[in-house]
Amino acid sequence: MDRSPHLALSPEQSAIIDWFATNARDLPWRAAECTPWGVLVSEIMLQQTPVVRVLPRWQEWLERWPTPAALAAEPSGEAVRAWGRLGYPRRALRLHAAALRITEEYDGEVPGTVAELKSLPGIGDYTAAAVAAFAFGVRATVVDTNIRRVEARLFSGLALPAPTLNAAEMALAESLLPLEATNSVRWNAASMELGALLCTARSPQCALCPVRASCAWIAAGEPEPIYRPKGQPWAGTDRQLRGAVMAVLRATDSPTPWDMFFTEPVLIGDAELSRSLRHLHALESENSRLERILQDLLQEGLAQRSAAGLSLPG
DNA sequence: AAACCGTGGCC
DNA sequence: TGGCCAAGGTT
């Protein structure tokens with residue numbers, strides 16, 4: 001009662017936070033007993049990856065490596081292998097590197113400030129703010145794709161946020177962040193969840209939205225997006241080839257003979273992967289591209305070479 | 001700044 | 001069916 005006026009939430013913010021209180025998903029990294037390490041692992045896994053795909057991997061990781069020190073004690077290749085098919089395996093490598101830094105420089109405790117978190121590999125603006133807010137209760141401006149979309153529609157009347165995060169969006173997000181820490185965390189989590197569950201990129205469920213009456217996008221007549229998102233090609237790309245090679249390396253503990261990547265048939269892993277790699281190889285009149293890909297993977301530390309062939313670092 | 005980096009599900 | 005999308009980071 002009787003709070004200072006400048007600490008008050010706007011009606012829209014109160015409505016979204018109230019909606020979150022009864023509609024939030026029961027995700028394990030939101031549990032009270034979840035450690036900062038658990039939050040950090042979840043945030044890395046969730047980068048560009050749907051929740052449903054993350055859930056089983058996150059459970060496995062936290063059981064196997066309940067602390068940063070536990071992960072740091074194993075070779076990075078184990079992290080990459082346990083990453084499974086989450087995609088962007090560099091995330092696993094960087095998370096392992098972050099665990100090493102946390103173990104050595106922070107006595108095994110995940111740091112709790114945005115600046116410290118951002119200095120760790122694989123942690124950028126979003127993840128640093130998210131871990132600080134959700135694991136430590138820090139007032140930090142969390143801006144992810146969901147929050148950007150919610151704020152673009154609700155306050156800017158746009159169908160979608162800009163192609164890349166810009167200064168105006170950041171300023172808007174900062175101006176909206178509640179001053180009091182607990183409320184700021186609630187706002188971050190609630191606006192993100194609204195974007196994930198109702199205010200979705202396609203077919204938003206406005207009928208269920210707690211702030212539909214004050215939504216600038218609805219008021220404007222739900223205009224179409226101003227731009228056309230750039231699609232990312234896949235078939236025949238380096239990414240597809242890298243993915244196929246990584247799948248082969250993940251599937252076995254023993255090094256894959258180097259020549260096996262250039263000769264047919266590739267009989268490692270399951271049949272689907274074998275077909276995939278053979279197909280890609282057949283498309284190449286030269287092997288220079290595959291050679292380059294393998295060198296890239298070696299240089300990045302996603303793979304290591306030995307006399308016996310190529311394998312995950314171990 | 002724009003391109004690159006995996007994967008799979010959905011309409 | 002295939003383009004779009006998913007709690008981004010790095011160069």
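Quick note: numbers below take in every heavy atom, side chains included, and nothing from hydrogens, waters or symmetry partners. Proteins get letters first, then strands, A, B, ... in listed order; numbering begins at 1 in each.
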[atom1] atoms of [N] and [M], separation to the nearest Å:
N      : M     : atom1 : answer
C:dT10 : B:dG8 : C1'   : 24 Å
C:dA7  : B:dA3 : P     : 23 Å
C:dG9  : B:dA1 : C1'   : 15 Å

Over all strands shown, is [X] touching base, sugar-phosphate only, or nothing at heavy-atom distances under 4.0 angstrom?
X        : value
A:Gly87  : base
A:Arg148 : nothing
A:Ile147 : nothing
A:Ala201 : sugar-phosphate
A:Pro163 : nothing
A:Arg250 : sugar-phosphate
A:Thr200 : nothing
A:Trp83  : nothing
A:Leu27  : base

Nearest-nucleotide comparison on DNA chain B, the residue closer to the 5′ end among A:Arg202 and A:Thr164: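 Nearest-nucleotide comparison on DNA chain B picks A:Thr164.
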
Bounds of contact between DNA chain C and chain A, in 5' to 3' order, using a heavy-atom cut-off under 4.0 Å: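 Taking any atom under 4.0 Å from a heavy atom of chain A, the span is C:dG3 to C:dT10.
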
Are [X] and [Y] close enough for a salt bridge, meaning some N to O gap below 4.0 Å?
X        : Y        : value
A:Asp26  : A:Arg30  : no
A:Glu180 : A:Arg139 : no
A:Glu116 : A:Arg101 : no

Greater than 12 external heavy atoms within 6.0 Å of A:Gln295's CD: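 Yes, the 6.0 Å shell around CD holds more than 12 heavy atoms from other groups.
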
Just how far, in rounded Å, is [atom2] of [N] from [atom1] of [X]?
X        : N      : atom1 : atom2 : value
A:Arg239 : B:dG6  : CZ    : C1'   : 7 Å
A:Met246 : B:dT7  : CE    : C1'   : 13 Å
A:Tyr88  : B:dC4  : OH    : P     : 11 Å
A:Gln240 : B:dC4  : CD    : P     : 15 Å
A:Asp296 : B:dG6  : CG    : P     : 10 Å
A:Arg242 : B:dT7  : CZ    : P     : 10 Å
A:Gln205 : B:dC11 : CD    : P     : 11 Å
A:Trp234 : B:dC4  : CH2   : C1'   : 12 Å

Output yes when a side-chain donor or acceptor of [X] lies under 3.5 Å from a complementary backbone atom of [Y], and no otherwise.
X        : Y        : answer
A:Asn188 : A:Ala140 : yes
A:Asn166 : A:Ala168 : yes
A:Arg153 : A:Ala159 : yes

Determine which pairs satisfy ring-ring contact (aromatic ring centres under 6.0 Å, His included) with at least one residue from residues 86-135 of chain A, sequence neighbours left out, and list them in order.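 For residues 86-135 of chain A, and leaving out neighbouring residues, there are no ring-ring contact (aromatic ring centres under 6.0 Å, His included) pairs at all.
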
According to the ring-ring contact (aromatic ring centres under 6.0 Å, His included) rule, which pairs have a member within residues 42-63 of chain A, sequence neighbours left out?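 Found A:Trp29-A:Trp58, A:Trp61-A:Trp65, A:Trp61-A:Trp83.
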
For residues 298-314 of chain A, which residue pairs pass the side chain to side chain donor-acceptor pair (under 3.5 Å) check, not counting sequence neighbours?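 Every pair satisfying side chain to side chain donor-acceptor pair (under 3.5 Å) with a residue in residues 298-314 of chain A: A:Arg90-A:Glu300, A:Arg242-A:Glu300.
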
Taking ILVMFWY side chains as joined if any heavy atoms are under 4.5 angstrom apart, and letting links pass through other members, which residues group with A:Leu165?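 Via sub-4.5 Å side-chain contacts, A:Leu165 links to A:Val143, A:Met170.
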
For DNA chain B, find the residues of residues 40-55 of chain A with a heavy-atom distance under 4.0 Å and give them by number; none if there aren't any.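 Heavy-atom cutoff 4.0 Å gives A:Gln48, A:Thr49, A:Arg53.
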
Under-4.0 Å side-chain N/O to phosphate OP1/OP2 contact, A:Lys230 with B:dA3: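 For A:Lys230, the contact criterion (side-chain N or O under 4.0 Å from OP1 or OP2 of B:dA3) is met.
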
Residue closer to the 5' end of DNA chain C, A:Gly231 versus A:Gly122 (nearest nucleotide):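 Looking at DNA chain C, the more 5' nearest nucleotide goes with A:Gly231.
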
